[in-house]
K.L.:
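Structure in C-alpha cells, see below.
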Number of protein chains: 2
Amino acid sequence: MEYPRPLTMVDVVLFTIADDTLSVVLEKRANAPFRGRFALPGGYIHVDEDEDAEDSARRVLAAKCGVSDVYLEQLYTFTGRARDPRDWSVTIAYCAVAPAQRVPARASTKIVPLTEATGLPFDHDRILARAATRLRDKATYSSLPGFLLPETFTYPQLQRVYEVVTGEHLDTSSFRRKTLELRMIEPVSSTQERGARGRPAQLYRLADQTLRAYQRKI
Amino acid sequence: MEYPRPLTMVDVVLFTIADDTLSVVLEKRANAPFRGRFALPGGYIHVDEDEDAEDSARRVLAAKCGVSDVYLEQLYTFTGRARDPRDWSVTIAYCAVAPAQRVPARASTKIVPLTEATGLPFDHDRILARAATRLRDKATYSSLPGFLLPETFTYPQLQRVYEVVTGEHLDTSSFRRKTLELRMIEPVSSTQERGARGRPAQLYRLADQTLRAYQRKI
DNA sequence: TGAATAGTGTCTTTAAGACACTATTCA
DNA sequence: TGAATAGTGTCTTAAAGACACTATTCA
C-alpha cells in the first residue's frame with residue numbers, strides 16, 4: 001500500500017570566510033513561497049538526473065552559487081507538516097565549506113556574516129544554527145576548518161581560521177603541536193610566501209581531501 | 001514547477017543488550033519487496049498522522065516492535081535511485097537504544113547479535129554499520145550506552161555495558177572518575193541491591209534523559 | 001639595527017592509565 | 001574467616017596550556 005509522498009528537497013549551508021568573518025551564502029528566492037527573500041540555497045531532488053541526494057546538493061550548489069568541488073557533508077534532515085507552507089516536507093540539509101575565492105559574486109546571491117543571517121524563511125534559522133554548531137564543534141577536533149582556505153596556506157592563516165570559527169584565541173605552540181599530531185597538513189616543498197613584512201611563512205596544504213579527526217576515550 | 005517525488009520512509013536501528021552481547025532488533029518483512037526476509041524495522045512516513053519523521057520512527061517502533069519511550073536520535077538519511085527496487089527513495093534512519101526488558105518477544109521480530117546481522121535487504125547493512133559506528137563512537141565520550149540499562153543500575157553494570165559496546169576492557173577507577181566528571185549518573189537514595197554474592201552495589205540512575213557529552217579542544 | 005611576523009623549547013597543569021589497596025556482604 | 005564483588009587512593013604517564021624564547025625577513 002502506498003502513501004502520499006512528502007515534498008523532498010535539499011538545502012545547503014555554504015560556509016566561507018569573508019573579511020576575516022565566518023560567513024554564509026544566501027540566495028534570493030526566484031519562486032514562491034517567499035519569492036524575493038534571501039534563504040539557504042536549496043531545491044527539489046530531481047529523481048531523473050540525481051543519483052542520490054548528495055548529487056542534488058552539488059547540483060544546487062553549482063546551479064545557484066556557481067560553486068563546485070567543495071567539501072560537503074550531510075548535516076541533518078528536517079521534516080514535518082509545518083516547516084513549508086506548500087506541503088508536509090522533507091529537506092536533507094548539507095553543510096558545505098569553501099574558500100571565499102571559490103564563491104563567485106552573483107546578483108542572486110550574497111555572502112553575509114553568520115551573525116547577520118537571521119530571520120530566514122522556512123526553518124532555515126534552525127538549519128543554519130545546527131550547521132554552525134556542527135562546524136564549530138568539528139573545529140575543536142578535526143581538519144574541517146582547513147577547507148575554508150585555498151589550496152595552499154600558511155600556519156598563521158590556518159590558525160586564524162580556527163580562531164575565527166571557534167571564536168577563541170589559540171596558542172601558537174599548542175596549535176602547531178596538535179595539528180602536527182593529527183598530521184592534517186603537509187608542507188609544500190621549498191615554497192615560501194614573500195613580500196610581506198616580517199619573516200615569510202612556510203606554505204602548507206591539507207594532507208587529505210577527507211576529514212581528519214581525533215578520537216577521544218571515555 | 002513540481003518534480004516527481006521519491007519514496008520517503010524511516011528505518012530504525014534499535015540496539016539492545018541481550019546475553020551480554022550488543023544486539024539489534026530485526027523485523028520479518030510482511031510485504032514485498034523482500035517479503036519474509038528479516039530487515040530493519042521501517043515504514044512509510046504517514047503525512048496524515050505524523051507531525052515529523054521522528055514521529056514516524058516512534059510510530060514504527062511502537063507498531064512493529066512494541067517499544068515506546070526509548071532514546072532515539074536521527075542517524076543519517078540514505079538516498080538514491082538504486083537502494084530500493086520500487087523507486088528512487090529516501091529513508092531517514094534513526095538510532096534507538098533500549099534495555100532488553102523493554103523489547104517484548106514477538107513472532108515477527110527477533111533480537112540478533114550485531115555480528116550476526118548481515119546480508120540484510122536494501123542497503124540495511126550499510127545503515128546498520130553506520131549506526132554501530134555512531135553508537136561505539138558515542139560510547140567513548142557520552143552517556144549514550146546508559147540508555148541500554150533499565151531505570152536503575154549499579155556501577156559495575158554500567159561499566160559492563162560500556163565494555164560490551166566498545167569491545168574494550170575498562171579500568172574501574174578511571175571509569176568511575178570519568179563518569180563522575182560527566183555527572184551522567186546520580187545515586188538512588190539509600191537503595192542497595194541485595195541477595196547476590198559479595199558486597200551489594202549502590203544503585204544509580206541517569207542524571208538526564210538527554211545525552212551528556214564531553215567537549216574536546218583542539 | 002629594530003620592527004614585524006614566523007616558529008620552537010620548556011615548565012606547569014590537568015587528564016588518563018595502571019594497579020594495589022580497602023570495604024562489605026554471604027556462606 | 002575467606003570467597004566474592006564493590007569501591008578508593010595513589011603513583012606514573014601523557015596530553016594540554018602558558019609563555020618566554022629564537023629565527024628570518026624588510027626597511
Side-chain angles (χ1 to χ4, degrees), chain A residues 20 137-143 145-146 149 152-164 166-205 212-218, chain B residues 20 137 139-143 146 149 152-164 166-205 212-218:
Chain A
D20 224 39
D137 216 62
K138 287 210 169 180
T140 68
Y141 67 87
S142 85
S143 60
L149 288 168
T152 63
F153 48 82
T154 69
Y155 237 123
Q157 286 171 341
L158 182 65
Q159 184 177 333
R160 184 67 196 137
V161 163
Y162 273 80
E163 290 178 337
V164 164
T166 61
E168 283 175 15
H169 172 76
L170 298 173
D171 179 79
T172 322
S173 177
S174 309
F175 182 73
R176 283 176 187 250
R177 189 169 48 209
K178 279 177 279 188
T179 46
L180 271 177
E181 189 199 321
L182 245 186
R183 277 194 280 281
M184 58 178 268
I185 64 176
E186 54 194 23
V188 177
S189 60
S190 66
T191 324
Q192 311 261 134
E193 212 179 39
R194 300 212 153 249
R197 280 193 300 279
R199 173 175 170 179
Q202 172 68 49
L203 286 175
Y204 293 85
R205 66 171 164 235
R212 295 255 171 144
Y214 277 107
Q215 299 295 88
R216 174 179 278 179
K217 292 212 171 171
I218 206 157
Chain B
D20 224 40
D137 218 61
T140 68
Y141 66 87
S142 85
S143 59
L149 287 168
T152 63
F153 48 82
T154 68
Y155 237 123
Q157 286 170 341
L158 182 64
Q159 182 176 338
R160 185 65 196 139
V161 163
Y162 273 81
E163 290 177 336
V164 164
T166 61
E168 283 175 17
H169 172 76
L170 298 172
D171 178 79
T172 322
S173 177
S174 309
F175 182 74
R176 283 177 186 249
R177 189 168 48 208
K178 278 178 280 187
T179 47
L180 271 178
E181 189 198 323
L182 244 186
R183 278 194 281 280
M184 57 179 268
I185 64 176
E186 54 193 25
V188 176
S189 60
S190 66
T191 324
Q192 311 259 135
E193 213 179 38
R194 301 213 153 246
R197 279 193 300 280
R199 174 176 170 178
Q202 172 68 47
L203 286 175
Y204 294 84
R205 66 169 162 236
R212 296 253 171 149
Y214 275 108
Q215 299 294 87
R216 175 178 274 177
K217 293 211 170 174
I218 204 157

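Numbered from 1 within each chain, the chains take letters A, B, ... in sequence-line order.
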K.L.:
dG17(D), dA16(C), dG7(C): which one has an atom nearest the side-chain heavy atoms of Arg177(B)?
P.N.:
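Selected nucleotide (nearest to the side chain): dA16(C).
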K.L.:
Using atom CD of Glu181(B) as one end and atom P of dG17(C) as the other, report the distance to the nearest whole Å.
P.N.:
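Rounded to the whole Å, the gap is 12 Å.
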K.L.:
What are the two closest heavy atoms between Pro156(A) and Arg176(A), and how far apart are they?
P.N.:
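Minimum heavy-atom separation between Pro156(A) and Arg176(A): CD-NH2, 4.3 Å.
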K.L.:
To the nearest Å, give me how far apart CG (Leu170(A)) and C1' (dC19(D)) are.
P.N.:
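In whole Å, dC19(D) C1' and Leu170(A) CG are 15 Å from each other.
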K.L.:
Consider the side chain of Ser173(A), meaning its heavy atoms from C-beta on, and name the nucleotide among dG17(C), dG7(C), dA18(D) that approaches it most closely.
P.N.:
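Looking only at heavy atoms from C-beta outward on Ser173(A), the closest nucleotide is dA18(D).
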K.L.:
Quick check on dT5(D): is either OP1 or OP2 less than 4.0 Å from any side-chain nitrogen or oxygen of Arg197(B)?
P.N.:
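Answer yes for this pair, as a side-chain N or O of Arg197(B) is under 4.0 Å from OP1 or OP2.
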K.L.:
Could you tell me the Watson-Crick or G-U partner of dC26(D), where both distances fall under 3.5 Å? Say none if there is no partner.
P.N.:
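dG2(C) - that is the nucleotide pairing with dC26(D), both distances being under 3.5 Å.
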K.L.:
For Ala139(A) and Thr166(A), work out which heavy atoms get closest and say how close.
P.N.:
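Heavy atoms of Ala139(A) and Thr166(A) come nearest at CB-CG2, 3.7 Å.
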K.L.:
Looking at Glu163(B) and Arg160(B), is any side-chain nitrogen of the basic one under 4.0 Å from a carboxylate oxygen of the acidic one?
P.N.:
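Yes, Arg160(B) and Glu163(B) are salt-bridged.
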K.L.:
Toward the 5' end of DNA chain D, which comes first, Thr172(A) or Thr172(B), by nearest nucleotide?
P.N.:
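Looking at the nearest nucleotide for each, Thr172(B) comes out on the 5' side.
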K.L.:
With a 4.0 Å limit, can you tell me whether Arg199(B) has a side-chain N or O closer than that to the phosphate oxygens OP1/OP2 of dC26(C)?
P.N.:
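No.
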K.L.:
If dG7(C) has a Watson-Crick or G-U wobble mate with both distances under 3.5 Å, name it; if not, just say none.
P.N.:
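Pairing partner: dC21(D).
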K.L.:
For the side chain of Gln202(B), counting heavy atoms from C-beta on, which of dG7(C), dG7(D), dG17(D) is nearest?
P.N.:
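Closest of the options to the side chain of Gln202(B): dG7(D).
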K.L.:
Within this structure, what is the CG-to-C1' distance between Leu180(B) and dG9(D), rounded to whole angstrom?
P.N.:
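After rounding, the reported distance stands at 14 Å.
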K.L.:
Please report the distance, rounded to the nearest Å, between CG in Asp171(B) and P in dA20(C).
P.N.:
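Roughly 11 Å, once rounded to whole Å.
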K.L.:
Of all heavy-atom pairs between Leu158(B) and Gly146(B), which one has the smallest distance, and what is that distance?
P.N.:
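Scanning both residues, the minimum pair turns out to be CD1-CA, 4.1 Å.
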K.L.:
Any idea which of dG17(D), dT25(D), dA6(D) is nearest the Ala201(B) side chain?
P.N.:
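Nucleotide nearest to Ala201(B)'s side chain: dA6(D).
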K.L.:
Look through every strand shown and name the nucleotide pairing with dA16(D) as Watson-Crick or G-U wobble, where both distances are under 3.5 Å.
P.N.:
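Across any shown strand, dA16(D) pairs with dT12(C).
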K.L.:
Between dT5(D) atom C1' and Phe153(B) atom CZ, what is the distance in whole Å?
P.N.:
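Result: 18 Å.
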K.L.:
Quick one: His169(B) NE2 to dG17(C) C1', roughly how many Å, whole number?
P.N.:
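His169(B) atom NE2 is separated from dG17(C) atom C1' by 11 Å.
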K.L.:
Could you give the CG-to-C1' distance, from Leu203(A) to dA6(C), as a whole number of Å?
P.N.:
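In whole Å, dA6(C) C1' and Leu203(A) CG are 12 Å from each other.
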K.L.:
Using heavy-atom distances to pick each residue's nearest nucleotide on DNA chain D, tell me which of Gly198(B) and Tyr204(B) is more 5'.
P.N.:
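In this pair, the answer is Gly198(B).
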K.L.:
Tell me, do Tyr155(A) and Thr179(A) make a side-chain contact under 4.5 Å, heavy atoms counted?
P.N.:
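Result yes, sub-4.5 Å side-chain heavy-atom pair found.
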K.L.:
Just the rounded figure in Å: distance from C1' of dG17(D) to OH of Tyr162(A).
P.N.:
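Atom-to-atom, Tyr162(A) to dG17(D), this comes out as 18 Å.
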K.L.:
dG7(C), OP1 or OP2 - any side-chain N/O from Arg176(A) closer than 4.0 Å?
P.N.:
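Yes, within the criterion.
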